[in-house]
Amino acid sequence: MTPLLLDGKVAAAALLDFLKPLVETLDPKLVVIQVGDDPASSSYIKQKVKSCEKVSMRSEHIHMPSDTTIETLMQKIDELNNDEDVTGFFVQLPLPGQLSGHEPEIIKAISPMKDVDGFGAYNLGKMFLSKEFEHLPPATPSGIIRLLEHFDIEIEGKHAVVVGRSNTVGKPVAVMLLNRNATVTICHSRTKNLSEITKQADILIAAVGKPKMITADMVKEGAVVVDVGIHRTDDGLCGDVDYEGLQSKVSAISPVPGGVGPMTVSSLLRNCVTAKERQMELR
Ligand code: GUN
């Protein structure tokens, strides 16, 4: 049987439709900081700006040269934190060499009220406490949850296995699933007998960063699989999952591209709307 396609374009379009009238009323503004010319980053930013246009959200792309110093970047962050017209902003990662070691202090410098990526300690902490306490939850994990909910995939009581433990995806999505009453196992590069664990998953979240690493022999019959990876190969884009190989085995699967990617972008815009709502309450 053909598995259910967890189509991120469809689920993201539904979220954007929901956001459009809110954007019209609240008039938020999203700012993107790009340092350098990483081609993948340029392409992601284009998608983010395009989605803003779809809901008529104001956006600005600040493009800084690749030799930007930490002092200059911090000054820009300070300026955006204090600009009342800017609702939310983020610094696109990865950063060029001289800045990459400064990521923690860069993330820390962004006001928690404007941290639409949800990468900072305040927003991660709120997300950690309970699903009701979420303020600006991290965009990709939040997009994964929304993708599952859009297609009525039950989370409660299910065994969710997350492969990957990054601060931006693996760890937070595990907590978000736990807060929705899944039983959660986190696996990573040092996990022994990985496939013994992934084979137990009702819901498998692949966020490993290795092309087609999750193969059919590693999944249970009827599992729901969400692929967070995106890799440019000679044969085009692929994810962390062997999509073709899993087709005859799983009950639902997200494609790459067109799965988690559009959900991250729409969740970022969702956070920008939430940020504006909260800022107006505070003023
Ligand atoms: N690079 C790849 N994905 C992301 C993201 O969601 N946010 C930021 N800031 N950088 C990224």
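As the structure is a prediction and not an experimental result, all values here were calculated from the model. Ligands are counted one by one from 1 in listed order, and the atoms in each one are counted from 1 as well. Values reported hereafter were calculated over all heavy atoms of this structure, with side chains retained and with hydrogens, waters and symmetry mates removed.
When all heavy atoms of Asp85 and Lys29 are compared, the closest pair comes out as O-CB, 3.4 Å. Nearest heavy-atom pair, Ala216 versus Gly245, reported as atom, atom and distance to 0.1 Å: CB-O, 3.5 Å.
Protein residues with any heavy atom under 4.0 Å from ligand 1: Lys48, Phe90, Val91, Gln92, Leu93, Asp117, Phe119.
Legend: residues meeting side-chain contact (heavy atoms from CB on, under 4.5 Å) with Lys20, ordered by chain and number and at least two apart, are Val55, Ser56.
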Would you tabulate the side-chain donor-acceptor contacts of residues 155-162 under 3.5 Å, counting partners in other chains and residues two or more places apart, or write 'none'?
{"residue": "Glu156", "atom": "OE1", "partner": "Asn181", "partner atom": "ND2", "Å": "3.4"}
{"residue": "His159", "atom": "ND1", "partner": "Gln200", "partner atom": "O", "Å": "3.3"}
{"residue": "His159", "atom": "NE2", "partner": "Thr185", "partner atom": "OG1", "Å": "2.7"}

Would you mind writing out the side-chain donor-acceptor pairs for residues 220-232 within the sub-3.5 Å range, not counting sequence neighbours?
{"residue": "Lys220", "atom": "NZ", "partner": "Asp202", "partner atom": "OD1", "Å": "2.6"}
{"residue": "Asp227", "atom": "OD1", "partner": "Gly229", "partner atom": "N", "Å": "3.2"}
{"residue": "Asp227", "atom": "OD1", "partner": "Asp240", "partner atom": "N", "Å": "2.8"}
{"residue": "Asp227", "atom": "OD2", "partner": "Asp240", "partner atom": "N", "Å": "3.2"}
{"residue": "Asp227", "atom": "OD2", "partner": "Val241", "partner atom": "N", "Å": "3.1"}
{"residue": "His231", "atom": "NE2", "partner": "Asp240", "partner atom": "OD1", "Å": "2.6"}

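Looking at Thr2 and Gln247, their side chains never bring a donor and an acceptor atom within 3.5 Å of each other.
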